[in-house]
K.L.:
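Okay, handing you the structure first.
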Amino acid sequence: MTPTLWGRWQTRLLLLGTIGLLITIGFGALFGNFVTPLALLGYVLLLGLAWDIVYQALQSLRWDRDWPPLFMVGGGLLEALLLWGLIKADFLWAGLGLAGLPGVAPGLTLAQFALHYGTVFTVIFLIMFGPMKVIFLKWRFRGGQFF
Amino acid sequence: MPTLSEPSLPSFFEQRQLSIGTLKHSSLPLEETTYLTIGAGVGSFIWVDHLIIHGVDPTTIVALGLEARPYARFRRLCRNSQILDHDRLRSDSGGTPDNIWAWPGYALREMGRDLRCGRVRHAARLAWQIFSEPVLHDPFTPQAGDVFTSLDREARRIGWRTIRRFGLARAVRKTNDGRYVVAYSPTMALKGGCRLIVARYVHLAMGYPRVRVLPELHQYRQQMDYSRHFVNTYEPHDHVYRRLRQTGGAILLRGRGITSSRIIQKLYEVYGHNPNIRILHLMRSPKPNGPHYEYARRLTRNHFDHQPYNFPKACFGGDLRRVMEQANDRERAELISLWGGITTAKRPLWERIITTGLTEGWYHIRFGRLAWVEPAQNGITVAVQGDVAWSEETQLRVDFIIDATGLEVAPERSPLWRDLLQCYGLPKNRAGQIKVTNDFEIAALRNTPGRVFTGGIMSLGGPFAPVDSFTGLQYAAQKSLESLIAQGAPGVRRLGPVRSVVQWSRWAVGVSP
């Protein structure tokens, strides 16, 4: 599937809102804290909407205007790094009079974050390369759009 | 006087609309169906596969064509152009004519086969290839044989043998009850007579009309009976390689698409056995730079335009698909020329062969056109007219001319399309092909409630750029199905998520839809 911007947004919203939510609830139960994983999922979604604009702009520089799997993984890593950076940017939150990134427990470890983020990303990545085409027959022709 | 290829039609076929009563009272055998596809090749197969998976009763579908296997002609053209079953096609892993969902793709299937056979390293290499393509690795392309095997499996699953009917379609006419009648010969011989079949929905998928012969060489080939020295890559021409292997020789090659790349590879293999081989690659003009679209430019090397498939990937489903669909007729023709054109895939082997050939001097590139051709002793004398600098004319003696400029695309070259163009004055698009709606319907043939659809090369210049690909044929089939669903065509049901998963599961385990 070669995404359009609307396709990126709609697919991100659908997959994070379903599969991503289920996995996140699972991690909430595992960590004994539902708020932090759900907040992280929300940040991934919101920041991702902005990231998608950047990805789409970069995609238009390519002759094939495609977005290979390697770029998807690269993008996923960048998104994770930015989010972890925001979590750890205490100076920024202190300047805003906050204890940290709202909704995220201060004790969140890198391992917990990486496990949660990595699981959501990997499962969604695999679903996009197969089952999505089976469930939504026209999805691949519409650049990831449902509407 | 009627010929074998264009036998006489019943006299009532001179009318644009035929009375169903006239047809029933004629002496010709008449049968009726709901869905009829003409061609029975890969395009027809994909349309039928979509119909059956969307719920249509297979007994209401007829596919009219000359060959039992849907890929027979495609395989023959591949074979002639030196793509054997173990060679790889220029097609995406997800270009799956046997599977309307495009998953699993051929890469995953090949990996599964490797794992079952214990070829773990090859499976891992394929996994890395599909993950890193096209950035760190050239894109995966399926083996031709795998595509044919998968089509055989799907043909068995949907009962293609009972749907396919041998017949050479000769004319299509509207009937006065909102359907169409097709006259066809049930045998190749004229004495086999004519039969009629009436259908409400017709799909025209005859593919390329024939092999292309360049105008400047057509007459020469007709008169001189020198066809053994001047071959088109899509015709059988193995004798060329046998002779070159034995005695060596000089070859003039025309065309710079992917077919010519494969021919150069074949000639290089022959060169390994007999180094007394020289290749002169005649190109019309230099191509130092590829075209650009907005901020992107197509890669060009050694005057070959490179792109993985016949159109940029986004034409198959990304933003360029939408651009094409929303463009007007003139813009579509311009975009087809810009994004498509004559291109080849960037494969390391081919690049190495070209570079080696240029360095070692057995491969030359020359710009110009063939001014004239004359028979010579054991070969051909050709005159090459330079198009640049001094327009000088050079005479050369070559043993063979290999024409890799492709297949004929003009609808007029097909008797059935020519008849339709003349009878109904079908409009053509700016690219010179049949004008279709965004649903791939030929609006000029509408006979409410009846509809005529097409796809493939005849719809080039329409709403979808890569129509001449497995994915393009699937797209056209899917759009025509959407149109049929919208008008409540018999048996066609929407394939929502649940039914889609159920149908895919049936495909996966190999039971009929």
Side-chain angles (χ1 to χ4, degrees), chain A residues 1-12 14-15 17-19 52-78 121-122 124-147, chain B residues 50 53-54 94 99-105 108 130-137 139 290-299 306-309 311-323 339 464 471 474-475 478-479 481-482 494-501 503-505 507-508:
Chain A
M1 191 275 288
T2 309
T4 61
L5 181 58
W6 280 107
R8 284 179 184 278
W9 284 347
Q10 290 177 19
T11 300
R12 187 182 283 267
L14 179 88
L15 288 176
T18 53
I19 305 294
D52 283 340
I53 297 171
V54 178
Y55 298 152
Q56 203 63 26
L58 291 172
Q59 192 175 318
S60 70
L61 302 177
R62 294 172 56 75
W63 172 258
D64 271 285
R65 284 187 181 237
D66 57 343
W67 197 248
L70 200 64
F71 289 10
M72 281 182 72
V73 173
L77 286 172
L78 275 176
F121 180 85
T122 306
I124 284 178
F125 179 79
L126 293 175
I127 286 174
M128 281 183 69
F129 275 89
M132 280 297 277
K133 296 177 187 172
V134 174
I135 299 166
F136 304 104
L137 190 60
K138 299 168 196 166
W139 178 77
R140 65 179 167 128
F141 291 124
R142 292 178 173 174
Q145 289 177 232
F146 303 98
F147 310 108
Chain B
H50 273 75
I53 290 169
H54 279 75
N99 175 311
I100 72 168
W101 302 270
W103 190 76
L108 207 56
I130 55 171
F131 175 69
S132 63
E133 68 173 27
V135 185
L136 303 178
H137 210 295
H292 64 88
Y293 178 71
E294 295 184 349
Y295 304 108
R297 183 180 282 279
R298 185 159 65 199
L299 177 72
H306 288 287
Q307 62 188 12
Y309 312 108
F311 282 90
K313 195 90 185 278
C315 291
F316 292 79
D319 57 353
L320 299 185
R321 183 201 65 81
R322 182 158 293 236
V323 169
W339 294 335
F464 193 75
T471 304
Q474 286 185 329
Y475 180 81
Q478 203 170 98
K479 294 301 283 187
L481 260 291
E482 282 174 30
R494 194 172 293 281
L495 208 61
V498 175
R499 284 196 63 232
S500 185
V501 171
Q503 282 296 328
W504 180 85
S505 306
W507 175 89

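Just so we're on the same page: letters track the sequence lines, and every chain starts at 1.
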K.L.:
Applying side chain to side chain contact (heavy atoms under 4.5 Å, CB included), name anything that partners A/Leu14, two or more places apart in sequence or on another chain.
P.N.:
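Residues passing side chain to side chain contact (heavy atoms under 4.5 Å, CB included) with A/Leu14: A/Met132, A/Phe136, A/Phe146.
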K.L.:
Side-chain contact test, heavy atoms from C-beta onward, threshold under 4.5 Å: evaluate it for B/Pro291 versus A/Trp63 and give yes or no.
P.N.:
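Side chain of B/Pro291 against side chain of A/Trp63, heavy atoms only: contact under 4.5 Å found.
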K.L.:
At a 4.5 Å cut-off on heavy atoms, which part of B/Trp339 comes close to chain A: side chain, backbone, both, or neither?
P.N.:
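Interface part for B/Trp339: both.
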K.L.:
Within the structure provided, determine whether B/Glu482 and A/Lys138 are in side-chain contact (heavy-atom separation under 4.5 Å).
P.N.:
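SC-SC contact between B/Glu482 and A/Lys138 confirmed.
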K.L.:
Can you list the residues that meet the side chain to side chain contact (heavy atoms under 4.5 Å, CB included) rule with A/Leu126, with sequence neighbours excluded?
P.N.:
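By the side chain to side chain contact (heavy atoms under 4.5 Å, CB included) rule, A/Leu126 matches A/Thr122.
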K.L.:
So what's closer than 4.5 Å to chain A heavy atoms on B/Ile130: side chain, backbone, both or neither?
P.N.:
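Contact with chain A involves the backbone of B/Ile130 alone.
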K.L.:
Taking every heavy-atom pair that is under 4.5 Å apart, which of A/Gly143, A/Pro69, A/Pro68 has the most such pairs with chain B?
P.N.:
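When all of A/Gly143, A/Pro69, A/Pro68 are compared, A/Pro69 has the most.
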K.L.:
Hey, could you give me the CZ/CZ distance between B/Phe131 and A/Phe129, rounded to the nearest 0.5 Å?
P.N.:
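Reported value, rounded in 0.5 Å steps: 8.5 Å.
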K.L.:
Taking CZ in B/Arg297 as the centre, count heavy atoms belonging to other residues, nucleotides or ligands within less than 6.0 Å. Is the count above 12?
P.N.:
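Yes, the 6.0 Å shell around CZ holds more than 12 heavy atoms from other groups.
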K.L.:
Give the table of side-chain donor-acceptor pairs shorter than 3.5 Å for residues 314-322 of chain B, with sequence neighbours excluded, one pair per line with atom names and distance.
P.N.:
unit_1: B/Asp319; atom_1: OD2; unit_2: A/Arg65; atom_2: NH1; d: 2.8
unit_1: B/Arg321; atom_1: NE; unit_2: A/Phe141; atom_2: O; d: 2.6
unit_1: B/Arg321; atom_1: NH1; unit_2: B/Tyr475; atom_2: OH; d: 3.0

K.L.:
Heavy atoms under 4.5 Å from chain B: which residues of residues 70-78 of chain A carry them?
P.N.:
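Within residues 70-78 of chain A, the residues under 4.5 Å from chain B are A/Leu70, A/Phe71, A/Val73.
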K.L.:
Measure B/Val135 against the heavy atoms of chain A and call it side chain, backbone, both or neither at under 4.5 Å.
P.N.:
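The side chain, not the backbone.
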K.L.:
Which one wins on heavy-atom pair count under 4.5 Å against chain B: A/Arg140, A/Lys133, A/Gln145?
P.N.:
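Most heavy-atom pairs within the cutoff with chain B belong to A/Arg140.
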K.L.:
For B/Glu133, which atoms come within 4.5 Å of any heavy atom of chain A: side chain, backbone, both, or neither?
P.N.:
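Contact with chain A: backbone only.
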K.L.:
Quick check on B/Tyr309 against chain A: is it the side chain, the backbone, both or neither that has a heavy atom closer than 4.5 Å?
P.N.:
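B/Tyr309 has no heavy atom closer than 4.5 Å to chain A.
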K.L.:
Look at A/Asp64, A/Thr2, A/Leu61 and state which one has the largest set of heavy-atom pairs under 4.5 Å with chain B.
P.N.:
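Heavy-atom pair counts peak at A/Asp64.
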K.L.:
Looking at A/Asp66, A/Val134, A/Leu5, which has the largest count of heavy-atom pairs under 4.5 Å with chain B?
P.N.:
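Highest number of pairs under 4.5 Å: A/Val134.
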K.L.:
State whether the number of non-hydrogen atoms from other residues, nucleotides or ligands found under 6.0 Å of A/Trp6 atom CH2 is greater than 12.
P.N.:
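Count not over threshold, so no.
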K.L.:
Which residue out of B/Ser505, B/Gly94, B/Pro134, B/Gly496 racks up the most heavy-atom pairs below 4.5 Å with chain A?
P.N.:
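Ranked by heavy-atom pairs under 4.5 Å with chain A, first place is B/Pro134.
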K.L.:
Hey, what do you get for CG (A/Leu137) to NE2 (B/His54), rounding to the nearest 0.5 Å?
P.N.:
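Rounded to the nearest 0.5 Å, the CG-NE2 separation comes to 5.5 Å.
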